[in-house]
K.L.:
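I'd like to ask some things about the structure below.
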Amino acid sequence: MDEISPGGEPVERFALGHEVSEFGPVQVTLMTTMPHSILTPAPIGLVDPDVFHLGCVVRGGGVLAQDDRHADLGAGDLVLYNPSRPYVAAFAPDGPAHQVLLLRFSRSLLPLPSREVRHLSAVRLQGTRGIGALSSQFLLQLARRMHELTPSDTARLATLTIDVLGTALADALDAQNAVPPHTRRRALLAQVHAFIRDNLGDAHLTPGAIAAAHHISLRYLHKLFHQEGHTVAGWIRERRLERCRRDFADPHLAAHPIHAIAARWGFTSPAHFSQAFRAAYGLSPRQFREQRATVHAD
């Protein structure tokens with residue numbers, strides 16, 4: 001959809017680039033843009049009034065105003081708006097390019113009353129505290145990893161993305177009871193997963209530290225993973241091994257020692273890492289790297 005000026009002319013976009021993915025019924029766009037402003041009247045007939053946008057500021061900041069509300073936004077903050085009604089958006093003029101993760105979805109996906117959701121337009125959802133911070137961590141991780149996700153990955157993440165949206169907005173409305181328990185549980189688990197991925201290189205990433213960061217008990221953290229057929233430590237180890245395997249397959253990292261790559265992803269014991277890698281992939285790290293080098297050479 002083109003943004004429209006008060007006189008009805010399309011506004012020139014100052015986008016440097018964008019990446020679009022479909023997460024089931026949620027369209028996700030990672031947009032990089034130069035500072036500019038957008039002022040729209042209601043584009044009647046152009047936009048479904050039941051469609052909402054939620055933006056997560058990845059880098060930079062700005063302002064969004066709608067329905068007599070005004071949100072000053074910084075990195076990590078979330079904001080909801082309805083593009084079928086007039087709004088003003090401006091990216092801060094200072095600094096380099098800005099980056100925003102924009103989620104487009106139907107209000108019917110949310111377990112919240114329509115009138116209540118509309119009350120959240122242009123309300124800043126802080127990305128530094130409470131549920132807003134956990135939701136922000138998940139979306140920021142999504143922005144960082146979008147280029148790595150396959151269609152099957154995005155299909156699996158669709159439900160989690162919707163759950164995170166619903167939980168963040170319900171919390172902003174102070175209406176947690178409007179969100180079913182299983183939705184809150186899945187959203188929390190998605191946020192925990194994002195936190196773990198963001199901290200894989202920390203050798204002190206323990207179940208206790210993860211539980212404390214999310215203000216839940218250690219017992220409940222273990223229960224969340226057990227319900228999915230995993231252990232916390234096992235899930236962390238699998239993600240770390242995946243990162244090491246990816247780095248070993250990268251010809252640009254061929255000169256990096258095996259132990260250095262293992263340490264980069266949180267493995268403190270070279271012997272333990274070698275055993276875990278062989279158990280997961282059937283080859284030692286050295287054998288795997290030599291095999292990938294032969295493939296690249298061919």
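These numbers come from a predicted model, not from an experiment.
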K.L.:
List in chain and number order the residues that pass side-chain contact (heavy atoms from CB on, under 4.5 Å) with Arg124, two or more places apart in sequence or in another chain; answer none if no residue qualifies.
P.N.:
Ala71, Leu73, Asp77, Gln126
K.L.:
Parallel, tilted or perpendicular: which one describes the rings of Tyr81 and His53, with boundaries at 30° and 60°?
P.N.:
perpendicular
K.L.:
Report the distance from atom CH2 of Trp235 to atom CG of Leu224, rounding to the nearest 0.5 Å.
P.N.:
12.5 Å
K.L.:
To the nearest 0.5 angstrom, please state how far the CG atom of Leu112 sits from the OG1 atom of Thr167.
P.N.:
9.0 Å
K.L.:
Can you tell me if Asp202 and His204 form a side-chain donor-acceptor pair at under 3.5 Å?
P.N.:
no
K.L.:
Would you find a donor on one side and an acceptor on the other, under 3.5 Å apart, between the side chain of Ser274 and the backbone of Ala271?
P.N.:
no
K.L.:
Which of these, Arg243, Arg144, Arg239, sits in a salt bridge (charged side-chain N to carboxylate O under 4.0 Å, His left out) with Asp198?
P.N.:
Arg144
K.L.:
Please step through salt bridge (charged side-chain N to carboxylate O under 4.0 Å, His left out) for the pair Arg85 and Asp67, ending with a clear verdict.
P.N.:
CA-CA 8 Å; Arg85 301 201 308 281; Asp67 299 335; 2.3 Å; yes
K.L.:
If you look at every heavy atom in Leu205 and Asn199, which pair is closest and at what distance?
P.N.:
CD2-O, 3.5 Å
K.L.:
Is the NE2 atom of His226 crowded by more than 12 outside heavy atoms at less than 6.0 Å?
P.N.:
no
K.L.:
Please tell me whether Phe277 and Phe248 form a close aromatic pair, meaning their ring centres lie under 6.0 Å apart.
P.N.:
yes
K.L.:
Would you find a donor on one side and an acceptor on the other, under 3.5 Å apart, between the side chain of Thr154 and the backbone of Pro151?
P.N.:
yes
K.L.:
Can you see whether Phe52 has Arg104 sitting over its ring - NZ or CZ less than 6.0 Å from the centre and within 45° of the normal?
P.N.:
no
K.L.:
If I take atom CD1 from residue Ile216 and atom CG from residue Leu188, how far apart are they, to the nearest 0.5 angstrom?
P.N.:
5.0 Å
K.L.:
Within this structure, what is the CD1-CD distance for the pair Ile210 and Gln191, rounded to the nearest 0.5 Å?
P.N.:
14.0 Å
K.L.:
Is there a donor-acceptor pair closer than 3.5 Å between any side-chain N or O of Ser284 and the backbone N or O of Gln287?
P.N.:
yes
K.L.:
Which distance, rounded to the nearest 0.5 Å, do you find between the CG of Leu110 and the CZ of Phe105?
P.N.:
5.0 Å
K.L.:
What distance separates Thr32 OG1 from Gln99 CD, expressed to the nearest 0.5 Å?
P.N.:
4.0 Å
K.L.:
Return yes if some donor-acceptor pair links the side-chain N/O of Asp153 with the main-chain N/O of Thr150 below 3.5 Å, else return no.
P.N.:
yes
K.L.:
Among Arg184, Arg185, Arg186, whose salt bridge (charged side-chain N to carboxylate O under 4.0 Å, His left out) with Asp163 holds?
P.N.:
Arg186
K.L.:
Given the side-chain rings of His230 and Phe225, with only the six-membered ring counted for Trp, is the space between their centroids under 6.0 Å?
P.N.:
no
K.L.:
Could you report the tightest heavy-atom contact between Ala203 and Thr268, atom names first, then the distance?
P.N.:
CB-CG2, 3.6 Å
K.L.:
Mark yes or no for whether Ser136, through its side chain, and Gly76, through its backbone, hold a donor-acceptor pair below 3.5 Å.
P.N.:
yes
K.L.:
Taking 4.0 angstrom as the limit, do Arg145 and Glu148 come out as a salt bridge?
P.N.:
yes
K.L.:
Checking Arg240 side chain against Trp265 main chain: does a donor-acceptor pair fall under 3.5 Å?
P.N.:
yes
